[in-house]
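Everything numeric here is computed off the predicted structure, so don't read it as measured data. Order of listing sets the numbers, starting from 1, for every ligand and every atom in it. The residues of the chain are indexed from 1 along the displayed sequence.
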Amino acid sequence: MIGRPGMQQLTDALGGRIAFGGDYNPEQWPESTWAEDVALMQQAGVNLVTVAVFSWALIEVEPGRFTFGWLDRVLDLLHDGGIAVDLATATASPPPWFTANHPETRLVDEQGLARSFGARQGFCPSSPLYRDAAADLAGRIAERYAEHPAVVLWHINNEYGCQNWQCYCEVSADAFRRWLHGRYESLDALNDAWGTAFWSQHYTDWAQIPAPRRVAYSTFANPGMRLDWWRFSSDELLECYRAEAAAVRERAPQPLTTNFMGMRKTHDYWSWTADLDLISNDHYLMAEDAANHQDLAMTADLLRSLAGGHPWLLMEHSTSAVNWQTRNLAKAPGEMRRNSLQHVARGADGVLFFQWRQSRAGAEKWHSALLPHTGTDTKIWREVVELGHDLAKISELAGTLPDPARVAILFDWSSWWAAELDAHPSSDVKVRPAVRRWHQSLWKRNVAVDFARHGQDLSDYRVVVVPVQYLMSDPAAAALTSFVEDGGHLVVTYFSGLVDEHDRVRLGGYPGALRNLLGVRIEEFFPLAARATVRLSRFGPGRVWSELGRAESAEVLATYDEGPVAGSPVVTRNRVGRGTAWYVGTEIDDDARTALLRLVLDEGGVTPVLPDLPAGVEAVRRRSPDASYLFVLNHTGEDVTVEAAGTDLLTRMAANRLQVPAGGAAVLREARAATGGPRREAAPPPAPEPRH
Ligand code: GAL
C-alpha cells in the first residue's frame, strides 16, 4: 500500500497541519476577485486548494494552442498567499472542440446511442484518442508546474467514471475483447467460464463477442459476460488513470491521487489503491437519510481500509446543500463541523470541499460552497472560519493512526456486481443496504470496524462479518476457514458463497464455498414476498429470504417457525478449530442483529471504544505511540456527558467528564493512553518511489 507515504508527504508539505480547503475554480470569476479569494482563504485558515479540475477548454483553447498565463498567475498568487495547491490535470471534461473533432470519442449507452456534448465527462474511457490527449495535457501541465513551489499534490482527472462508468461503443467492444483475451487466453476457457453451452451462445471467434448492450425483450444477457463487463469497465477507468499518472510521474516529484467516490458500485477500488500515492475520497450526505452520519462513518471506514489503515484525504464534501438530490436540504447549524470531525476521527488528515466560491452560473450554482453567493456575513462562512480554527487546534493529530479495529466486514466489488445481476431468486437482495445494516449495528455499539478484501489475511481481527457476499473464490473461502480455525468468529448471511469467480453455482448444497465451514446444508431457497415476514423461534422476524435445509455439524440457535420451511435452521453456530462460524439465513431486524452481534462480539472479546454511550453518540480513537485521542460526536438533539478524562483540544479545557452539546463534537487528548496500544506500527517513511 502506497497510501501512507503520499499522505505523510502532503502533511509535511503543509507544515504538519491537517489539510483544509477545497476546489478552487478561479476561471469562473474575473481576475479582480482572485486577490479577495486569497485574502478570505487566509482568514478561514485554508491551506490547500484544488485547481484546474475542469480547465481543459481554457488551457488548450484549440488543438495544440495553450494558454497557461492565467494559471501561472493563479498559482503565483496562491503561493504568495501561503496556500498550497493540489493541481489537477484538467482532463475530467474534454472541451467542445475535442468532441466536435472526434465525435467517435463520445460515450455510447446500453442502447447504442451516442450521448451528446453539453455536460461533463462525456468521453469513452477506452478511446485511445481521449487517453492520448489526456495524457498529453497531463504531461504538459506537469512539465510546466512540476517545480512550482505551490504544488504539493497532483489531482489526476476527477472522480473517474462518475458520469461515464461504462461505454458501449465499438471501440469499447474491441477493448473488451482484448481484455477478455488477456483474462482467458482461449475461447474454450471463456466458453467454459460463461457457461455458453446454455442458450446456444458458444463462441468460435473472439470477434463474435459483443459489448453487452440491450438484448431481446424480456430476457437476460449472459451473466458471466455481464460480470466481466463490470470488471472490464472498472479496469478501463484505471487504465485512463495510469496513462495520465505515468505522464505526470515522469516529470513531477509530488505525490499523486485521484478522488474516489466511496462505496459506489461502479469501481473495484481495491484494485486501484496500489497506483495511488495517497487515497482520497469525495463524500456527500444523502440529505433525507436520517442516519446519514452512519453512512458517512461506513464510507470513512472503507476509505481507511483502502488506505491500508493509514490516514487518507477527504477531497470533497459540502458545506451545506448539494444541488443534485431531489430535495437538497441544507445542513443544520453545526452539522458541517460534525461531519468534518467525523471524517478526521475515522482517519482523514484533510477536510476539503466542493467548492471555494459558490458558482454564479452553470449547473452547480445552487450547490453550497465555502464562500456563499451571499458573502461572508452568513452562517456558512462563520462555520467555515470556525472549522478552520478547529482543525488548526487539532493539528497534532495529523499522521496519527486510527485505532486498529478488531472487527472487519468482508467486502468485494465482483461479488456485489454478480449478486445484483438479473434473473436471481429475489431482487430484494441488495448488497450495499445489507452491508450498511451490519455496519450500522456495529457502529451503534461503538465498535471500530474495518473493511477487508476477499482472500486477505484476517488474523488481525477477532470478528469478521460476511453480509451477502454471493460470489466467493476458493482463496477467499480458504482465508475465512483459516480465520475461524485460528480462533476467529465469523458471521455469514444468506446469499453468500453461492458461486465461483465466474458466477457458476457451487454444486452439492448451499452455501457452496462456505457449507462445510458453516456446517449447514441448504437445498432450496424460499425468498419472501415483498414486505412479508416469517416467524422465527428466536431473533425473529425474518424478511426478504428464507430457505429449506438442515444443520450438519452446526448447532441450531433458531429455526423458521412457520410456512413451507418451518423447522429449517435459520441461525446456527458451528465450532471449527478454535473459532466459531455463525450463519444467519434471513434478513433479521435491528434489535435481533444487535442481540446476535452482542453474543459474537462477547465471544470474540471485542469491546466498544467507550461503554454505555447514549444512542446516537459516536466515539472513535486515533493514537500515536505516546498519545491517545478520543473523538466524541454527538449526533443527537440532547447535550450529553461522557465519562472520559483529558484535555479537549477544541475548548482547551481539561476535564474528568466530557460535556458534549447537542449536535456537537469534542476531541480529547486522553489523560492516560487507553490500554492496548497501537498494534499496527507506524510505517517508517519509505524510500520514495523511483520516478525518473
Ligand atoms: C463531485 C464533483 C464535483 C462537484 C460535486 C458536487 O461529483 O467531483 O466537481 O460536481 O460532485 O457535489
Side-chain angles (χ1 to χ4, degrees), residues 19 21-29 48-58 85-95 107 118-123 125 134 153-165 237 240-241 244 257-267 269 272 276 279-289 292 295-296 299 303 312-331 335-336 339-340 343 348 350-373 380 384:
D23 281 24
Y24 178 38
N25 298 306
E27 65 270 42
Q28 294 178 15
W29 298 95
L48 181 68
V49 292
T50 303
V51 177
V53 173
F54 295 105
S55 307
W56 191 340
L58 295 182
V85 171
D86 164 34
L87 186 56
T89 51
T91 51
S93 247
L107 187 73
R120 67 176 183 187
Q121 223 181 38
F123 60 87
L153 178 65
W154 289 97
H155 188 98
I156 306 294
N157 206 278
N158 190 68
E159 289 191 345
Y160 272 108
C162 180
Q163 265 79 43
N164 58 347
W165 58 92
L237 292 164
C240 288
Y241 169 84
E244 286 192 42
T257 192
T258 188
N259 38 352
F260 288 173
M261 293 172 284
M263 189 178 282
R264 183 175 144 131
K265 188 170 175 181
T266 47
H267 304 57
Y269 283 135
W272 285 58
L276 275 62
I279 303 300
S280 65
N281 191 54
D282 298 349
H283 183 264
Y284 290 94
L285 296 175
M286 293 307 292
E288 292 183 79
D289 172 358
N292 57 19
D295 192 87
L296 186 161
T299 308
L303 262 292
W312 52 280
L313 177 66
L314 177 65
M315 186 65 85
E316 291 181 22
H317 69 149
S318 67
T319 55
S320 190
V322 300
N323 66 315
W324 44 265
Q325 296 173 14
T326 314
R327 284 164 293 273
N328 293 299
L329 309 189
K331 288 192 181 177
E335 191 176 353
M336 179 264 277
N339 299 155
S340 301
H343 281 291
V351 176
L352 310 185
F353 293 83
F354 177 83
Q355 63 176 327
W356 164 251
R357 192 183 270 273
Q358 187 173 14
S359 297
R360 179 175 193 184
E364 293 184 321
K365 59 183 173 297
W366 298 117
H367 191 295
S368 61
L370 289 113
L371 180 57
H373 291 149
I380 289 183
V384 163

*Asks:* Please list the nearest protein heavy atom to atom 6 (C) of ligand 1 with its residue and the distance rounded to 0.1 Å.
*Replies:* H367 NE2, 3.1 Å

*Asks:* Check ring pair (Phe, Tyr, Trp, His ring centres under 6.0 Å) between W29 and all other residues, then give those that pass, not counting sequence neighbours.
*Replies:* none

*Asks:* Give the atom numbers and elements of ligand 1 that come within less than 4.0 Å of a heavy atom of F354.
*Replies:* 3 (C), 4 (C), 5 (C), 6 (C), 9 (O)

*Asks:* Does any part of the side chain of E316, heavy atoms only, come nearer than 4.5 Å to the side chain of N158, both counted from C-beta?
*Replies:* yes

*Asks:* Does R120 approach ligand 1 within less than 4.0 angstrom via side chain, backbone, both or neither, non-hydrogen atoms only?
*Replies:* side chain

*Asks:* Please state which part of M261 comes within less than 4.0 Å of ligand 1, counting heavy atoms only: side chain, backbone, both or neither.
*Replies:* neither

*Asks:* Write out the residue and atom name of the closest protein heavy atom to atom 7 (O) of ligand 1, then the distance separating them to 0.1 Å.
*Replies:* E159 OE1, 2.4 Å

*Asks:* Relative to the heavy atoms of E364, which atoms of ligand 1 are at a distance of less than 4.0 Å?
*Replies:* 4 (C), 5 (C), 6 (C), 10 (O)

*Asks:* Has the side chain of Q121 got a donor or acceptor atom that lies under 3.5 Å from a matching backbone atom of E159?
*Replies:* yes

*Asks:* Please examine the side chains of H343 and H317, heavy atoms only from C-beta on, and report whether any two atoms are closer than 4.5 Å.
*Replies:* yes

*Asks:* Only counting residues at least two apart or in another chain, list the ones meeting ring pair (Phe, Tyr, Trp, His ring centres under 6.0 Å) with H267.
*Replies:* Y269, W272

*Asks:* I need the contact type for N158 against ligand 1. Using non-hydrogen atoms and a strict under-4.0 Å cut-off, is it side chain, backbone, both or neither?
*Replies:* side chain

*Asks:* Taking N or O atoms only and a 3.5 Å limit, does E316 qualify as a polar contact for ligand 1?
*Replies:* yes

*Asks:* Pick out which of F353, Y284, W324 makes a ring-ring contact (aromatic ring centres under 6.0 Å, His included) with H367.
*Replies:* Y284

*Asks:* Verify the distance criterion only: is there a donor paired with an acceptor across the side chains of Q28 and S359 at less than 3.5 Å?
*Replies:* yes

*Asks:* Under a 4.0 angstrom heavy-atom cut-off, which atoms of ligand 1 come close to F54?
*Replies:* 9 (O)

*Asks:* Touching ligand 1 at all, Q355? Heavy atoms, strictly under 4.0 Å?
*Replies:* no

